[in-house]
Chemist: 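Mind looking over this structure? Questions follow.
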Amino acid sequence: MTYSELYQKSMAEPLAFWQEQAQAIDWYRFPKKILSQDRHGLWRWYADGLLNTCYLALDRHVQAGRGEQTALIYDSPVTQTLERYSYRQLQDETARFAGVLQQMGVKKGDRVIIYMSLVPQVVVGMLACARLGAVHSVVFGGFAAHELALRIDDAKPKVILTASAGIEFDKIIPYQPVLENALREARHKVKTCIVLQRPVHKWQLKAGRDHDWLQVQASAQPVDPVPVKATDPLYILYTSGTTGKPKGIVRDNGGHAVALRFSMRYIYDTQPGEVYWAASDVGWVVGHSYIVYGPLITGCTTVLYEGKPVRTPDAGAFWRVISEHQVKTFFTAPTAFRAIKKEDPEGLFKEKYDISCLKYQFLAGERCDVATLEWAQQLLGVPVIDHWWQTESGYPMLANPAGVELLPIKPGSAGKPVPGFDIQMLDENFESQPAGVEGAVCIRLPLPPGCLPSLWKAPDRFKESYLSAFPGYYFTGDGGYVDADGYVFITGRIDDVINVAGHRLSTADMEEIVATHPAVAECAVVGVLDSLKGQVPVGFVVLKSGVQVSEKQVQEELAAMVRERLGAIACFKQAVVTKRLPKTRSGKILRKIMRHLAEQKPFSPPGTIEDMAVLEEMENLMADHHIGAWQQEAKAKPGS
Ligand code: COA
Ligand code: AMP
């Protein structure tokens with residue numbers, strides 16, 4: 001079957017298509033209702049199906065004779081550790097840890113927050129929740145206490161799983177201070193924490209609240225998987241939106257398992273027994289889908305890599321892992337390649353390793369610039385596939401369907417729509433745009449299985465945030481266009497979300513923090529292009545009249561505030577003092593225009609602009625501060 005035939009089938013007969021795909025996984029009760037609507041009018045897949053995601057990821061493979069196959073390789077250059085877990089071992093550890101959680105009172109539907117580093121126990125923790133039908137919510141280790149507290153208050157977990165520390169390059173990040181502050185700040189009170197003590201740093205256990213992970217697991221009794229409904233939530237993953245309050249993306253059990261199994265075969269061309277590596281973090285959706293669930297549901301070997309593309313110990317780190325573990329399919333963010341290219345522009349480190357096992361290189365998480373894609377292609381000599389998705393979708397919406405047929409690669413495009421996704425570029429009159437014309441990237445409802453059915457306990461916010469702008473469609477937040485051959489080009493977010501080193505962040509969130517500085521009268525935070533991280537935030541601040549403070553001081557104080565409240569991953573380092581901000585006559589700050597100014601993109605100022613002169617002032621200010629300088633250099637040296 002060709003890609004085009006498969007795609008057409010998914011559009012013409014979606015129910016038959018997804019019923020057939022559902023047969024690729026095991027069910028306790030195969031669903032009769034393939035698609036239905038819930039009491040909020042939201043679409044649900046496989047509503048009467050019964051299954052267990054942990055069973056699919058572990059027990060099923062052991063029963064089918066894969067017990068001795070390696071399920072997970074833990075490769076940690078930062079601790080000099082290499083461990084292999086067979087499917088049987090991972091099943092045993094998970095079943096016993098599910099026993100621990102059960103003893104602590106966790107049952108089906110309860111939430112468990114996981115704030116940990118990339119160690120095998122994080123996978124055990126996630127799968128143990130799935131085994132019990134409990135709902136995990138992993139919080140990325142780079143978020144600060146306030147962000148963790150927001151998530152605790154929204155998810156209301158019964159238990160928190162954590163580790164004593166994370167390791168970033170050679171820096172030890174103790175988690176206890178973050179967790180203690182978050183627990184103090186949160187209104188929801190958590191009575192139980194299970195702590196993995198890492199040798200690099202000890203956690204001071206609090207009697208009555210904290211339990212040592214390995215100790216409690218040693219004496220626990222294994223627990224069998226609990227059948228859950230396909231529509232029961234498997235996890236909540238918080239992501240940045242256009243306000244300071246993170247959105248709790250819900251993933252259900254049934255649609256998720258079917259969609260991931262489908263994607264492993266048709267997009268990633270990866271079969272049971274093969275080695276799949278996603279160099280990401282379990283705090284992000286890539287880690288959920290393609291470190292943990294996708295490869296394990298498929299019966300692959302997954303690699304859990306606690307390291308970086310560079311300096312752990314060098315720019316050959318990725319090539320070592322690929323060669324040592326015989327990785328067939330590798331997935332990372334373009335930032336990682338930019339980091340390697342910066343340190344090893346000639347790709348000399350690659351020569352030290354035999355990576356002939358590698359068949360595909362997938363990139364996603366942020367826009368992939370053509371220079372990076374071409375550099376990677378030349379270096380690796382395998383298809384380098386840019387593909388596009390988001391936390392909300394859980395798996396790719398645009399890709400090159402390598403498992404069906406490998407389409408010619410067009411640099412700059414994230415490929416063609418994945419079967420199930422009816423992607424349209426719409427204008428403000430909800431009209432679909434012809435080839436070459438940019439529009440808002442929208443997906444006709446219903447979304448296929450695996451995509452978010454709603455936000456955690458907030459169906460109205462879900463409708464308001466995603467379904468209201470373009471009736472009958474889900475709005476992705478991105479802009480883009482289709483070319484005459486049906487390839488889609490994503491041009492970037494058209495809301496206040498930015499992507500820093502593949503990490504999705506909200507500028508509105510940062511503005512809320514910047515605005516609390518006593519010297520700041522008003523501010524705008526915009527994402528500007530960065531040669532390593534893709535984008536970085538820059539704050540433009542208007543000071544209160546009469547305030548005597550230098551730009552340097554304001555910048556340092558604001559950087560410290562954002563780091564303290566949001567986390568180091570925000571990479572908020574630059575703040576520029578300006579006399580005024582471009583605004584409409586009604587007082588709305590023209591952030592999009594500021595972004596276009598920084599990117600030197602042509603734009604037409606709205607008729608409602610308060611004063612045109614401010615644009616020239618802003619342009620000069622940006623030039624003085626070298627904002628967008630990378631963009632200028634890249635234009636001057638095409639292909640660099
Ligand atoms: N826990 C605690 N702190 C973290 C963290 C974590 N899990 N992840 C990042 N941070 C901190 C970093 O230590 C750094 O702190 P610093 O300002 O004190 O140095 C800060 O957050 C910014 O991190 P980052 O943007 O990642 O920059 P970096 O210089 O540490 O690393 C790269 C740069 C390119 C090597 C790194 O971003 C990378 O490997 N990116 C790959 C992208 C990726 O995996 N994306 C996931 C989505 S697919
Ligand atoms: P996240 O939810 O963190 O995965 O971030 C999703 C957002 O990252 C998308 O809405 C896009 O803005 C951006 N993104 C992800 N992959 C790509 C890609 N291949 N090309 C362009 N942008 C991407």
Side-chain angles (χ1 to χ4, degrees), residues 242-244 427-428 438 440 477 479 491-500 505-530 534-559 561-562 570-636:
T242 49
T243 66
D427 68 6
E428 56 279 14
E438 202 170 325
T491 48
R493 296 291 299 201
I494 46 184
D495 56 13
D496 296 329
V497 168
I498 60 170
N499 215 304
V500 181
L505 300 162
S506 155
T507 52
D509 212 353
M510 296 184 213
E511 279 180 12
E512 275 183 21
I513 301 168
V514 171
T516 61
H517 188 287
V520 172
E522 59 179 344
C523 66
V525 175
V526 296
V528 306
L529 294 172
D530 180 80
Q535 279 186 304
V536 286
V538 175
F540 292 87
V541 296
V542 179
L543 298 183
K544 288 179 183 160
S545 57
V547 168
Q548 293 298 323
V549 58
S550 71
E551 183 171 83
K552 184 165 176 285
Q553 188 186 340
V554 175
Q555 175 161 292
E556 281 170 8
E557 287 171 5
L558 290 177
M561 283 166 68
V562 175
C571 295
F572 183 98
K573 301 218 159 107
Q574 194 172 15
V576 175
V577 173
T578 176
K579 287 200 185 68
R580 55 189 180 146
L581 294 165
K583 285 186 189 170
T584 61
R585 281 192 285 276
S586 62
K588 194 169 172 292
I589 298 172
L590 294 164
R591 293 180 180 81
K592 194 166 159 193
I593 287 190
M594 293 174 71
R595 223 165 45 222
H596 285 181
L597 275 173
E599 290 177 13
Q600 286 140 41
K601 250 189 178 172
F603 64 88
S604 356
T608 52
I609 191 164
E610 192 182 29
D611 178 2
M612 290 291 280
V614 69
L615 296 182
E616 200 180 326
E617 281 169 33
M618 197 39 75
E619 206 167 358
N620 291 337
L621 194 71
M622 288 181 179
D624 289 349
H625 287 80
H626 300 285
I627 292 165
W630 173 66
Q631 178 76 350
Q632 273 173 3
E633 284 160 23
K635 271 191 192 149

Chemist: What pair of heavy atoms forms the shortest contact from K573 to A559, and how long is it?
Modeler: CA-CB, 4.4 Å

Chemist: Can any side-chain N or O of R595 pair as donor or acceptor with the backbone N or O of K601 at less than 3.5 Å?
Modeler: no

Chemist: Let me have the donor-acceptor pairs involving side chains of residues 513-524, under 3.5 Å, with sequence neighbours excluded, atom names and distances please.
Modeler:
residue : atom : partner : partner atom : Å
T516    : OG1  : I513    : O            : 2.5
H517    : ND1  : A519    : N            : 3.0
H517    : NE2  : E557    : OE1          : 2.6
E522    : OE1  : K583    : NZ           : 2.9
E522    : OE2  : K583    : NZ           : 2.9

Chemist: Kindly state each residue pair satisfying salt bridge (Lys or Arg N to Asp or Glu O under 4.0 Å) with at least one member in residues 606-617, sequence neighbours excluded.
Modeler: R580-D611, R580-E617

Chemist: Working to the nearest 0.5 Å, report the span between CG of L505 and SG of C571.
Modeler: 8.0 Å

Chemist: Strictly distance-based, threshold 3.5 Å: is any side-chain N or O of T507 a donor or acceptor partner for the main-chain N or O of D496?
Modeler: yes

Chemist: Look up atom CD1 in I589 and atom CZ in F540, then write down how far apart they are to the nearest 0.5 Å.
Modeler: 11.5 Å

Chemist: Locate the shortest heavy-atom distance separating P582 from L615; write the atom from each residue and the value.
Modeler: CB-CD2, 4.1 Å

Chemist: To the nearest 0.5 Å, what is the distance between CG (L529) and CD (Q600)?
Modeler: 9.5 Å

Chemist: Quick one: which residue pairs count as a salt bridge (Lys or Arg N to Asp or Glu O under 4.0 Å) with a foot in residues 547-556, not counting sequence neighbours?
Modeler: K552-E556

Chemist: Considering non-hydrogen atoms only, spot the tightest contact between A598 and I627 and give its length.
Modeler: CB-CG2, 3.9 Å

Chemist: Would you mind listing every side chain to side chain donor-acceptor pair (under 3.5 Å) that reaches into residues 535-550, with sequence neighbours excluded?
Modeler: none

Chemist: Got a sec, which residues hit side chain to side chain contact (heavy atoms under 4.5 Å, CB included) with V497, two or more places apart in sequence or on another chain?
Modeler: R493, D495, R504

Chemist: Once rounded to the nearest 0.5 Å, what's the spacing between atom CD of Q553 and atom CG of L558?
Modeler: 10.0 Å

Chemist: Kindly determine whether V528 and M622 satisfy side-chain contact (heavy atoms from CB on, under 4.5 Å), including the steps that lead there.
Modeler: CA-CA 11 Å; V528 306; M622 288 181 179; over 6 Å; no

Chemist: For I494, enumerate each residue passing the side chain to side chain contact (heavy atoms under 4.5 Å, CB included) test, keeping only those at least two apart in sequence or located in another chain.
Modeler: A440, F475

Chemist: With heavy-atom distances below 4.5 Å as the criterion, would you say the side chains of I593 and P606 are in contact?
Modeler: yes

Chemist: Minimum heavy-atom separation for P537 to F572, with atom names?
Modeler: CG-CA, 3.9 Å

Chemist: Check whether any side-chain N or O of T584 sits under 3.5 Å from a backbone N or O of T608 as a donor-acceptor pair, and report yes or no.
Modeler: no

Chemist: Distance-only, no hydrogens or angles: does the Q555 side chain make a donor-acceptor pair with backbone N or O of A575 under 3.5 Å?
Modeler: yes

